[in-house]
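Data block below; observations after.
In the text below, chain A, chain B and the rest are named by the order of the sequence lines, each starting its count at 1.
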2 protein chains.
Amino acid sequence: MKDKKIANNIRTLRFQNGEMTQAELAEKVGVTRQTINALEAAKYSPSLELAFKIAHVFGVGLEEVFQYQD
Amino acid sequence: MKDKKIANNIRTLRFQNGEMTQAELAEKVGVTRQTINALEAAKYSPSLELAFKIAHVFGVGLEEVFQYQD
DNA sequence: TTTCTATGTAACATATTTTTTACATCACGT
DNA sequence: ACGTGATGTAAAAAATATGTTACATAGAAA
């Protein structure tokens with residue numbers, strides 16, 4: 001999957017959920033702070049599992065967090 | 001993301017969409033036939049991008065193809 | 001200013017996903 | 001029987017995601 005055309009609202013959702021920090025979100029989904037940071041910076045897109053976990057933490061559907069533009 | 005608890009309906013959706021073969025689906029989403037085969041066999045879960053592409057081919061939402069059981 | 005917290009970033013290591021190549025079986029049509 | 005298309009499978013390599021460690025900056029608060 002060469003081209004990375006997946007956008008996400010992680011940053012926005014973090015602030016909509018009680019000023020959650022990158023570290024807090026990371027801890028809740030079981031990855032490191034750097035991974036969350038890289039995702040917000042869109043350096044790469046997460047695994048499907050991680051995407052599901054993040055959406056779950058925010059209590060929304062996966063497609064409300066990640067959007068694919070084709 | 002150690003634990004693989006993502007189920008999918010790829011096989012069912014292939015047959016609901018005009019008897020699409022694994023090779024045809026693979027070609028449409030830009031991966032090899034073996035990758036589709038491995039996904040149907042749930043050997044691993046796909047990247048988020050591949051998941052989006054597959055859902056798009058079937059014209060459904062991502063969560064109608066892949067389900068995360070936590 | 002000093003301290004603390006959140007964040008950005010980079011190099012290297014490990015894990016996971018995907019490709020490539022190859023061979024096997026099964027069903028179907030001829 | 002033979003050829004063909006669809007599928008299952010496997011090993012090794014390539015690509016990508018994630019972890020670890022470490023250092024940097026910016027802002028807030030004291």
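The interatomic distance linking B:Ile6 (CD1) with C:dT16 (P) rounds to 13 Å, in whole Å. A straight line from CG of A:Leu25 to C1' of C:dA6 spans 14 Å, rounded to a whole angstrom. If you measure from atom CD of A:Glu27 to atom P of D:dT18, you get 18 Å, rounded to the nearest angstrom. Taking atom CG on A:Leu48 and atom P on C:dT17, their separation rounds to 10 Å, with Å as the unit. For the pair A:Glu40 CD and C:dA6 C1', the computed distance is 11 Å after rounding to whole Å. One can place CE of B:Met20 at 11 Å from P of D:dT7, the figure rounded to the nearest angstrom. To the nearest angstrom, P of D:dG8 lies 10 Å from NZ of B:Lys43. Separating the CG atom of A:Leu39 from the P atom of C:dT9 is a distance of 14 Å, rounded to the nearest angstrom.
B:Arg14 CZ to B:Glu19 CD: the interatomic distance, rounded to the nearest 0.5 Å, is 9.0 Å. Distance CD/B:Glu24 to CG/B:Asn17: 11.0 Å, rounded to 0.5 Å. Between A:Tyr44 atom OH and A:Ile6 atom CD1 the span is 13.5 Å, to the nearest 0.5 Å.
Between B:Ser45 and the phosphate of C:dT16, there is no side-chain N or O to OP1/OP2 separation shorter than 4.0 Å. For D:dA6, neither phosphate oxygen OP1 nor OP2 lies less than 4.0 angstrom from any side-chain nitrogen or oxygen of B:Arg11.
The B:Asn37 side chain lies nearest to D:dG8 when the options are C:dT17, D:dG8, C:dA6. Closest contact between the side chain of B:Gln22 and the listed nucleotides D:dT18, C:dA10, D:dT7 involves D:dT7. You'll find that the side chain of B:Ser47 is closest to C:dT17, out of C:dT19, C:dT9, C:dT17. When the nucleotides D:dT9, D:dA22, D:dA17 are ranked by their closest atom to the side chain of A:Tyr44, D:dA17 comes out on top. Side chain of A:Pro46, nearest nucleotide from D:dG19, D:dT18, C:dA22: D:dT18. When the nucleotides D:dA10, D:dA22, C:dC23 are ranked by their closest atom to the side chain of A:Arg33, D:dA22 comes out on top. Nearest nucleotide to the A:Val31 side chain, out of D:dA22, D:dT7, D:dG19: D:dG19. Nearest nucleotide to the side chain of A:Arg14, out of C:dT7, D:dT21, C:dT17: C:dT7.
Side chain of B:Glu64 to main chain of B:Gly61: a donor-acceptor pair is present (N/O by atom type, distance under 3.5 Å, no hydrogens or angles).
When each of A:Asn8, A:Val60, A:Leu39 is paired with A:Ile54, the side chain to side chain contact (heavy atoms under 4.5 Å, CB included) condition holds for A:Leu39 and for no other.
Donor-acceptor pairing under 3.5 Å, judged by distance alone, is present between the side chain of B:Gln34 and the base of C:dT21.
Among the heavy atoms of the strands lying under 4.0 Å from B:Thr32 is at least one base atom, whether or not backbone atoms are also near.
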